[in-house]
Amino acid sequence: MSNHKQFYINGEWVSPVSPKTLDVINPATEEAFTRISVGSAADVDKAVAAAKAAFETFSRTTPAERLALLKRVHEVYLERFEDIAQAVSAEMGAPLAFARDAQAWAGRGHLESTIKAFESYEFTEKRGSTTVVKEPIGVCALITPWNWPLNQIVCKVAPAIAAGCTVVLKPSEIAPISGIVFAEVMHEAGVPKGVFNLVNGTGPDVGQVMASHPDVDMVSFTGSTRAGIIVAKAAADTVKRVAQELGGKSANIILPDADFETAVTKGVRGCFSNTGQSCDAPTRMLVPRNRHDEALAIAKVAAEAFRTGDPNSEDTNLGPVVSDVQFGKIQGLIEKGIEEGATLVTGGLGRPDGLNRGYYVRPTVFGNVTPDMTIAHEEIFGPVLSIISYEDEEDAIRIANDTVYGLAAYVQSTNIERARRVASRMRAGSVYLNYPAWDTMASFGGYKQSGNGREYADFGIHDFQEIKSVVGHGE
């Protein structure tokens, strides 16, 4: 029996206090494939009360007990791996191979890295006669986005549990089904009642209520900077901790000594991965002015190699964007790029040829983009790349840092010392040199309006803890 119209509260699947449903749209077909219940303040109250009651006991469990619990969650997650991938593909339109190898894998990867970090994590530290203790912060409200649902759910839930916290999760109402499957995983793994709770719903009706709730001790939010500001304001009256992973407009500096064929091609692929719906996507490609035309030619070939279409086809490597709203926003920004004088290298307005339904966007590359153009500074969140020229290394660094965001940056060079030197100048939470593999043991989070706090591995565990100094504890 489907749990799509229920919430998971205090170890049970329950109906909402006030029945109300919402269609979940498959963006590849523009049709509803299921419906979920959406909650209200009354449902949030029930979930928070369950988490608060459970915290009294769960916060006193030993690290060994919580480690064993996470290992059971990992085992069940692997058993439900295909169900998770299928859910992500249906709710996001992600090509099945990507849903398995990236989206569902991300949840697995974060469970494994949290477990690895937790196995050697120290909860106490001696400083002379003072003992510094790391304790769970309390009841945590977790608000996660639609673009990397399992990545963000697991990199919040797993470290919160490791720290000894109890949680209430609100997945995005646009892509909620993978979150429901994850709640089933938690139940099957034997998570104690009230430790993990899930309430589906909208940001105003559920997310903001969670953020302002007096019995919630911390909010961990991932989403747009605009929504993050709303969450922070809602949380301010109760002075709770707020961790935020927000928007980005990441620069990809291709230095003159880079292998241009490889650097530009991989830069396009990085930008278009997940149909461009990643907050840390390398959406601004910075190239030397005298090699700008060369970069455009390479980028054109790379972009036109993408196969857009049915997510269930093995030939597809670029799916639709998630919603009609997102499609319209991207179309408006592509039009703005054309109006402001950027060179449309490939792609453009409308759906790709042969597709008459689904929220499909043409893989688009703009050249001759200047830093003052809208597409150079506004987050697009679609398969749209802006190529910007720079004069020299200092100019590239200046352009890269000239943004309100600071989530990620990318540097390409055959000289690793030079790449490291440029990386040290980047005002971003993560800097990736020469397209490394995804590392779930690295910290993740942003500078400036990209947020605060850090996620992944031990960094995530630390963010769900309070620090207590017991002075005079003794040697």
Side-chain angles (χ1 to χ4, degrees), residues 51 54-81 84 102-127 130-140 142 144 148 150-167 169 182-183 185-192 194-196 217-218 220 222 241 243 245 429-430 436-445 453-470 473:
F55 181 74
E56 293 301 315
T57 301
F58 191 68
S59 62
R60 297 196 298 272
T61 56
T62 66
E65 290 172 319
R66 299 196 296 275
L67 178 62
L69 175 58
L70 286 175
K71 288 182 176 179
R72 290 199 299 275
V73 171
H74 178 253
E75 290 172 3
V76 180
Y77 188 98
L78 295 183
E79 292 170 5
R80 298 295 304 275
F81 191 88
I84 290 167
Q103 292 280 3
W105 175 88
R108 169 186 172 178
H110 284 302
L111 278 168
E112 291 169 353
S113 62
T114 302
I115 288 168
K116 181 179 179 180
F118 191 25
E119 286 174 331
S120 59
Y121 195 84
E122 296 293 339
F123 285 85
T124 60
E125 177 188 347
K126 294 290 294 182
R127 294 191 176 191
T130 294
T131 298
V132 179
V133 183
K134 300 174 184 176
E135 297 182 339
I137 194 168
V139 176
C140 299
L142 312 179
T144 58
W148 283 94
L150 273 303
N151 182 79
Q152 292 308 129
I153 288 173
V154 179
C155 77
K156 294 182 191 299
V157 172
I161 296 250
C165 297
T166 57
V167 306
L169 169 68
F182 182 79
V185 168
M186 298 295 277
H187 182 77
E188 291 169 34
V191 174
V195 170
F196 172 87
D217 300 289
M218 175 180 173
S220 181
T222 298
R241 185 183 301 172
E245 192 266 280
S430 300
W438 192 355
D439 186 359
T440 54
M441 293 301 290
S443 64
F444 189 77
R454 291 295 180 269
E455 295 184 318
Y456 295 11
D458 52 314
F459 302 98
I461 299 172
H462 179 78
D463 259 20
F464 286 99
Q465 294 178 318
E466 292 281 23
I467 306 297
K468 176 189 289 181
S469 288
V470 184
H473 185 277

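Position 1 is the first residue of the sequence; numbering continues from there.
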Undergrad: What is the minimum heavy-atom distance between P136 and A163, and which atoms define it?
TA: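 Closest approach of P136 to A163: CB-O, 3.2 Å.
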Undergrad: Atom OG1 of T130 and atom NZ of K126: how far apart are they, to the nearest 0.5 Å?
TA: 7.5 Å
Undergrad: Does E135 have any salt bridge (charged side-chain N to carboxylate O under 4.0 Å, His left out) partners at least two apart in sequence or in another chain, and if so, which?
TA: K468
Undergrad: For E466, what residues pass the salt bridge (charged side-chain N to carboxylate O under 4.0 Å, His left out) criterion, not counting sequence neighbours?
TA: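 Per chain and number, E466 pairs via salt bridge (charged side-chain N to carboxylate O under 4.0 Å, His left out) with R241.
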Undergrad: Using the side chain to side chain contact (heavy atoms under 4.5 Å, CB included) definition, which of the options V167, V157, T166, D217 pairs with C140?
TA: V167
Undergrad: How far apart are the closest heavy atoms of S113 and M441, and which atoms are they?
TA: CB-SD, 3.4 Å
Undergrad: Measuring from atom CD of E75 to atom CD of E79, what distance do you get when rounded to the nearest 0.5 angstrom?
TA: 7.5 Å
Undergrad: Hey, mind stepping through H473 and T124 against side chain to side chain contact (heavy atoms under 4.5 Å, CB included) and telling me if it holds?
TA: CA-CA 12 Å; H473 185 277; T124 60; over 6 Å; no
Undergrad: Has Y77 got a side-chain atom pairing as donor or acceptor with A104's backbone, closer than 3.5 angstrom?
TA: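 Yes; at least one donor-acceptor contact below 3.5 Å.
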Undergrad: Can you confirm whether Q103 sits close enough to L150 that some side-chain heavy atom of one is under 4.5 Å from a side-chain heavy atom of the other?
TA: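 In short, these two side chains do not touch, never coming nearer than 4.5 Å.
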Undergrad: Considering the options D463, T144, T222, N151, which one meets the side-chain hydrogen bond (donor to acceptor under 3.5 Å, both in side chains) requirement together with K156?
TA: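 Among the candidates, only T222 passes.
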Undergrad: Nearest 0.5 Å, please: how far is CD in Q465 from CE in M218?
TA: 10.5 Å
Undergrad: Please give me the minimum heavy-atom distance between G460 and P159, naming the atom from each residue.
TA: C-CB, 3.5 Å
Undergrad: With sequence neighbours left out, what residues match F444 under ring pair (Phe, Tyr, Trp, His ring centres under 6.0 Å)?
TA: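 Ring pair (Phe, Tyr, Trp, His ring centres under 6.0 Å) list for F444, sorted by chain: Y456.
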Undergrad: Quick one: does any side-chain atom of T57 pair with a main-chain N or O of A54 as donor and acceptor, under 3.5 Å?
TA: no
Undergrad: Any side-chain heavy-atom pair from I153 and L142 closer than 4.5 angstrom?
TA: no
Undergrad: If the condition is ring pair (Phe, Tyr, Trp, His ring centres under 6.0 Å), which residues does H462 pass it with, not counting sequence neighbours?
TA: none
Undergrad: What residues form a ring pair (Phe, Tyr, Trp, His ring centres under 6.0 Å) with F81, not counting sequence neighbours?
TA: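 Here no residue qualifies.
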Undergrad: How far does CD of E125 sit from OG1 of T131, to the nearest 0.5 angstrom?
TA: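 The CD atom of E125 sits 9.5 Å away from the OG1 atom of T131.
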Undergrad: My understanding is that only residues two or more places apart in sequence, or in another chain, count here; which of them pass ring pair (Phe, Tyr, Trp, His ring centres under 6.0 Å) with F464?
TA: none
Undergrad: Working to the nearest 0.5 Å, report the span between CZ of R66 and OG of S59.
TA: 8.5 Å
Undergrad: Quick check: closest heavy atoms across L70 and A162, and the distance to 0.1 Å?
TA: CD1-CB, 4.0 Å
Undergrad: With side chains defined as the heavy atoms from C-beta onward, is the minimum distance between E112 and T440 less than 4.5 Å?
TA: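 No, too far: nothing below the 4.5 Å cut-off.
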Undergrad: Which pair of non-hydrogen atoms, one from C155 and one from E455, has the smallest distance, and what is that distance?
TA: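 The answer is SG-OE1, 3.6 Å.
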Undergrad: Taking the side chain as every heavy atom from C-beta outward, state whether F182 and F196 have any pair of such atoms under 4.5 Å apart.
TA: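 Contact flag for F182/F196 side chains = yes.
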Undergrad: About how many Å separate CD of E245 and CH2 of W148, when rounded to the nearest 0.5 Å?
TA: 12.0 Å
Undergrad: Just by distance, do the side chain of T114 and the backbone of L111 share a donor-acceptor pair under 3.5 Å?
TA: no
